[in-house]
Amino acid sequence: MSTSTTTRPPDGPSSHGPEDRGRGMTPRSMAVWVGVAVIGAVCWSVLALSRGESVSALWILFAALSSYLIAYRFYSRFIARRVLQLDDTRATPAERMQNGNDYEVTDRRVLFGHHFAAIAGAGPLVGPVLAAQMGYLPGTVWIIVGVIFAGAVQDMVVLFLSMRRDGKSLGQMVREEIGVVGGTAALIAVFAIMIIILAVLALVVVNALAESPWGVFSIALTIPIALFMGVYLRFLRPGQVLEVTAIGFVLLMLAIIGGGYVEGSALGDSLTLSKETLTVALVVYGFVASILPVWMLLTPRDYLSTFMKIGVILLLAVGMVVARPVLQNEAVTSFATAGDGPVFAGSLFPFLFITIACGALSGFHALIASGTTPKMIAKESHVRMIGYGGMLMESFVAISALIAASVIDQGLYFAINAPAGVTGGTIDGAVSFVNGLGFTLTPDQLQAATASVEEDLVSRTGGAPTLAFGISSIFSSAFGGGLAAFWYHFAIMFEALFILTAVDAGTRVGRFMLQDTVGNVWTRFGDTSWKPAAWISSAVVVACWGYMLYVGVTDPLGGINQLFPLFGIANQLLAAIALTLCVTVFLKRGMVRWVWVPAVPLAWDLVTTMTASYQKVFSDNPALGYFAQADRYRTARDAGEILAPATDVSQMETVITNSTVNGILQASFALLVIVIVANAALIWVKALRAGSLPTTEVPAVASQLVAPADFFATSQEKAAVGAWEAEHGHSGSRR
């Protein structure tokens with residue numbers, strides 16, 4: 001999915017950077033932005049002050065949209081122009097090192113689709129759903145404020161730093177900028193956390209697709225459709241992005257609609273796959289996707305899936321406007337302060353900020369921003385729309401998920417999300433438990449909800465079923481009743497597609513990380529274009545997460561199930577590593593004036609993750625501390641008792657082992673981050689004393705490409721691009 005190359009003189013009209021797009025504001029634009037600000041202020045005021053009365057979900061929706069618009073227009077522009085000083089006259093790694101495999105100059109719209117699809121995994125879907133047990137207000141504030149000042153900043157800056165260093169991985173950049181000790185700690189921590197994240201994402205996909213012929217059929221067809229799009233754009237009709245977009249969209253819709261028919265046909269039986277079969281298929285797909293040229297499968301497939309991801313979220317927004325659902329959740333629940341919620345244990349601080357592991361801030365994004373994306377970006381100005389804009393879009397997904405969970409009757413919400421150990425997995429048990437929490441729920445209500453979606457809803461933990469039920473409720477209310485089951489299964493399939501794209505891109509990033517690491521001692525292995533190294537690294541990465549996944553789907557207490565509790569904190573510790581790198585490079589470049597941009601989110605992330613890590617390791621509450629949980633089960637085992645989720649003595653031993661291992665790993669990850677930050681602090685002091693220090697940024701090379709700086713080209717950009725395309729025989733590929 002590449003954009004054609006067009007030469008230009010160094011001082012040509014398209015050589016300008018993003019700072020040249022629209023100097024100043026007209027009275028009309030000022031009036032528009034004042035109007036957006038007023039809408040946002042009113043929405044935030046209603047959310048902050050409403051207590052006890054009915055609150056429409058639209059207040060959250062429009063508070064989010066207005067905040068995103070203002071943040072992108074002003075804050076991201078400030079970072080692009082004043083802080084990073086993006087320069088479109090400078091060639092990117094994709095242009096300088098294009099090899100048709102990993103380095104590939106890619107149309108900005110296509111690359112946005114790839115990047116968004118790669119970063120938007122399970123986190124923005126399930127994290128806000130689980131965090132809804134603390135009320136709608138804390139999650140809303142963290143998702144919106146967090147993404148504006150932390151998550152989108154991290155993604156944008158890391159993408160910029162990697163792009164200026166030939167697309168190097170996060171761990172390798174830490175090693176080169178901070179030093180061998182901190183860098184080695186980073187390489188170990190980043191790779192280990194990466195494998196856990198990939199296995200968790202893959203587990204969610206497998207659980208969603210198991211016994212779902214509709215999902216398997218539709219998602220499987222995205223592979224040949226993507227291959228066709230890649231070949232079409234590279235060989236048949238180069239540069240015709242809008243044309244192939246229309247074709248791909250039509251084919252995707254046919255695949256989705258066809259999946260609904262297949263589910264009730266004879267073919268549906270053949271596509272009803274077990275979790276074990278899906279695991280093997282996912283491992284094979286992950287390996288192949290990570291070694292094929294990016295233009296052939298990875299980029300077009302991610303671009304294709306973005307249509308469905310964004311399309312469903314926008315449709316959900318339209319559904320909310322039509323249905324105008326009322327929030328059933330409280331602004332702040334008692335679980336936020338007591339920390340004894342049935343969905344997850346822990347008080348609002350720090351665990352809300354850990355549970356919502358994506359949508360506000362996510363370390364996994366830094367891996368993508370230093371993995372595939374910097375090797376395909378055409379112009380430096382695209383860092384803003386892809387890095388900052390892509391994260392804002394993911395945050396909108398998270399807000400939509402929070403709303404979907406908050407408009408559900410809260411009795412139903414807890415019946416779905418409470419573990420089977422407290423509900424017994426039965427309707428009567430769930431009703432009894434929920435009523436004991438102070439909510440009102442009858443067996444008839446729960447039975448009716450189950451019948452409406454034609455699926456058992458009791459103790460369907462993990463967040464995905466709750467989100468699907470919430471989406472189904474909104475769509476049924478907005479677009480007519482009688483289709484709740486259809487919308488529920490559609491949402492489940494949508495979630496699987498949403499998450500799968502993060503698995504294939506993440507596997508390729510894991511390959512880059514491993515090659516960079518081994519390349520420190522064997523230079524040839526670090527060459528991403530050398531096929532033996534690429535194949536070996538890909539095989540190692542998929543073997544690591546594939547093994548953990550396979551054990552997890554065959555043993556409810558083994559494999560990735562054992563490490564699942566580490567996902568949230570590990571992901572945010574990864575963000576701390578990324579932001580530490582950002583602060584270090586800023587100070588080494590003498591950018592003391594702007595260092596607060598990454599330093600503020602770093603400080604917040606370190607406080608929350610270290611507090612959470614301390615509590616998970618040292619808390620004497622078995623529901624919170626890993627070692628306390630191990631002691632509780634060990635005491636019960638010695639007394640001859642069996643505690644859920646264990647069903648026999650053997651599983652009691654497994655729970656003890658799992659809790660102990662998780663505690664050790666949690667402490668190890670936290671200590672590795674402390675080592676990285678401590679080593680970085682030494683560099684900070686040296687940089688402040690010296691004014692600046694040398695960095696590993698590669699020397700500038702003049703760019704020979706022409707492309708607009710943002711989604712929509714200005715009249716000047718259209719004229720410049722059109723003139724050069726006419727001269728070189730192109731036809732509107734980048735307008």
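On a predicted model such as this, the values are computed, not experimentally measured, just so you know.
Using modelled atom types and a 3.5 Å distance limit, the side chains of Ser290 and Thr507 yield no donor-acceptor pair.
When the shell of 6.0 Å around OH of Tyr232 is examined, it contains more than 12 heavy atoms from other residues, nucleotides or ligands. The neighbour count for Trp530 CH2, taken as heavy atoms of other residues, nucleotides or ligands under 6.0 Å away, is above 12. Counting heavy atoms of neighbouring residues, nucleotides and ligands inside a 6.0 Å radius, atom CZ of Phe479 exceeds 12 of them.
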**Message:** Go through it in stages, so that I can follow the logic: the residues are Asp710 and His382, the test is side-chain contact (heavy atoms from CB on, under 4.5 Å), and I'd like the CA-CA distance, side-chain angles, deciding distance and then a yes or no.
**Reply:** CA-CA 6 Å; Asp710 217 322; His382 298 170; over 6 Å; no

**Prompt:** Can you check side chain to side chain donor-acceptor pair (under 3.5 Å) on Ser381 and Asp88, steps first, answer last?
**Reply:** CA-CA 6 Å; Ser381 57; Asp88 274 283; 2.8 Å; yes

**Request:** Under the side-chain contact (heavy atoms from CB on, under 4.5 Å) rule, what do Val241 and Tyr303 come out as? Steps first, then yes or no, please.
**Result:** CA-CA 11 Å; Val241 175; Tyr303 180 58; 3.9 Å; yes

**Message:** Between Ile247 and Met229, does the side-chain contact (heavy atoms from CB on, under 4.5 Å) criterion hold? Intermediate values first, please.
**Reply:** CA-CA 8 Å; Ile247 296 173; Met229 291 174 66; 6.0 Å; no

**Message:** Is there a side chain to side chain donor-acceptor pair (under 3.5 Å) between Thr372 and Arg508? Walk through the geometry before answering.
**Reply:** CA-CA 7 Å; Thr372 53; Arg508 196 179 196 97; over 6 Å; no

**Asked** Between Glu380 and Arg164, is a salt bridge (Lys or Arg N to Asp or Glu O under 4.0 Å) present by the stated rule, with each step listed?
**Response** CA-CA 9 Å; Glu380 286 203 350; Arg164 286 283 181 95; 2.6 Å; yes

**Message:** Show, in sequence, the C-alpha distance, side-chain angles and deciding distance for Tyr285 and Val503, and conclude whether the side-chain contact (heavy atoms from CB on, under 4.5 Å) test is met.
**Reply:** CA-CA 10 Å; Tyr285 170 75; Val503 176; over 6 Å; no

**Request:** With side chain to side chain donor-acceptor pair (under 3.5 Å) as the test, would you mind laying out the steps for Arg301 and Thr222 before giving the verdict?
**Result:** CA-CA 7 Å; Arg301 189 186 180 285; Thr222 62; 3.2 Å; yes

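By the 4.5 Å heavy-atom criterion applied to side chains, Val701 and Arg90 are not counted as neighbours. Between Leu61 and Phe396, some side-chain heavy-atom pair lies under the 4.5 Å cut-off. Here the side chains of Asn101 and Thr528 are not in contact, with every heavy-atom distance at 4.5 Å or above. Using a 4.5 Å cut-off on side-chain heavy atoms (C-beta onward), Asn571 and Cys358 make contact. Looking at Val206 and Leu282, their side chains come closer than 4.5 Å, going by heavy atoms from C-beta outward. Taking the side chain as every heavy atom from C-beta outward, Ile195 and Met548 approach each other to under 4.5 Å. Within the 4.5 Å cutoff, the side chain of Val318 has no heavy atoms near those of the Phe475 side chain. Contact annotation: the side chain of Leu111 never approaches that of Thr299 to less than 4.5 Å [non-hydrogen atoms, C-beta and beyond].
Taking the centre of each ring, Phe494 and Trp487 stay at or above the 6.0 Å mark.
To the nearest 0.5 angstrom, Leu392 atom CG is 12.0 Å from Ile399 atom CD1. Taking CD1 from Ile119 and CE from Met393, the interatomic distance works out to 10.5 Å, rounded to the nearest 0.5 Å. Taken from CG in Leu500 to CG in Leu201, the straight-line distance is 10.0 Å, to the nearest 0.5 Å. Taking CG from Leu297 and CG from Asp504, the interatomic distance works out to 7.0 Å, rounded to the nearest 0.5 Å. Here the OG-CG distance, from Ser400 to Leu314, works out to 8.5 Å after rounding to the nearest 0.5 Å. Going from atom NE2 of His365 over to atom NE2 of His115 covers 7.5 Å, rounded to the nearest 0.5 Å.
Between Leu125 and Ala401 the shortest heavy-atom distance is O-CB, 3.5 Å. Ala255 and Leu221 make their closest contact through CB-CD1, 3.8 Å (heavy atoms, listed as atom of the first residue, atom of the second, distance). Closest approach of Gly359 to Ala398, counting heavy atoms only: CA-CB, 3.8 Å. Between Ala94 and Val105, the shortest heavy-atom distance links the atoms O-CG2, 3.4 Å. For Ser703 against Glu95, the heavy-atom pair with the smallest separation is OG-OE1, 2.9 Å. When every heavy atom of Gln154 is checked against every heavy atom of Ser362, the shortest pair comes out as NE2-O, 2.9 Å.
With respect to Arg234 and Glu104, a salt bridge is recorded, a charged nitrogen being found less than 4.0 Å from a carboxylate O. Ionic pairing of Lys168 and Asp166 is not present here: no N-O contact between side-chain nitrogen and carboxylate oxygen is shorter than 4.0 angstrom.
Checking side-chain atoms of Gln515 against main-chain N and O of Phe525 turns up a donor-acceptor pair under 3.5 Å. Listed for the Thr245 side chain is no donor-acceptor partner under 3.5 Å among the backbone atoms of Glu243. No donor-acceptor pair under 3.5 Å is formed between the side chain of Ser537 and the backbone N or O of Leu514. Looking only at distances, no side-chain donor or acceptor of Ser472 sits under 3.5 Å from a matching main-chain atom of Ala468. Although no hydrogens or angles enter the test, the distance criterion places no donor-acceptor pair under 3.5 Å between the side chain of Arg108 and the main chain of Ala709. Counting only distance, with no hydrogens or angles, the side chain of Glu717 and the backbone of Thr714 share a donor-acceptor pair below 3.5 Å. A donor-acceptor pair under 3.5 Å is formed between the side chain of Asp516 and the backbone N or O of Ser169. Within the 3.5 Å criterion, the main-chain N or O of Ala210 finds no donor-acceptor partner in the side chain of Lys275. With hydrogens and angles ignored, the 3.5 Å screen pairs no side-chain donor or acceptor of Ser162 with any backbone N or O of Leu159. The backbone N or O of Leu161 sits less than 3.5 Å from a side-chain atom of Arg165, completing a donor-acceptor pair.
Using bins of under 30°, 30° to 60° and over 60° for the plane-to-plane angle, the ring pair Phe235/Trp295 lands in the perpendicular bin. Under the 30°/60° scheme for interplanar angles, the aromatic rings of Tyr388 and Tyr72 are found to be tilted.
Phe512 carries Lys375 over the face of its six-membered ring, with the cationic atom under 6.0 Å from the centre and within 45° of the normal.
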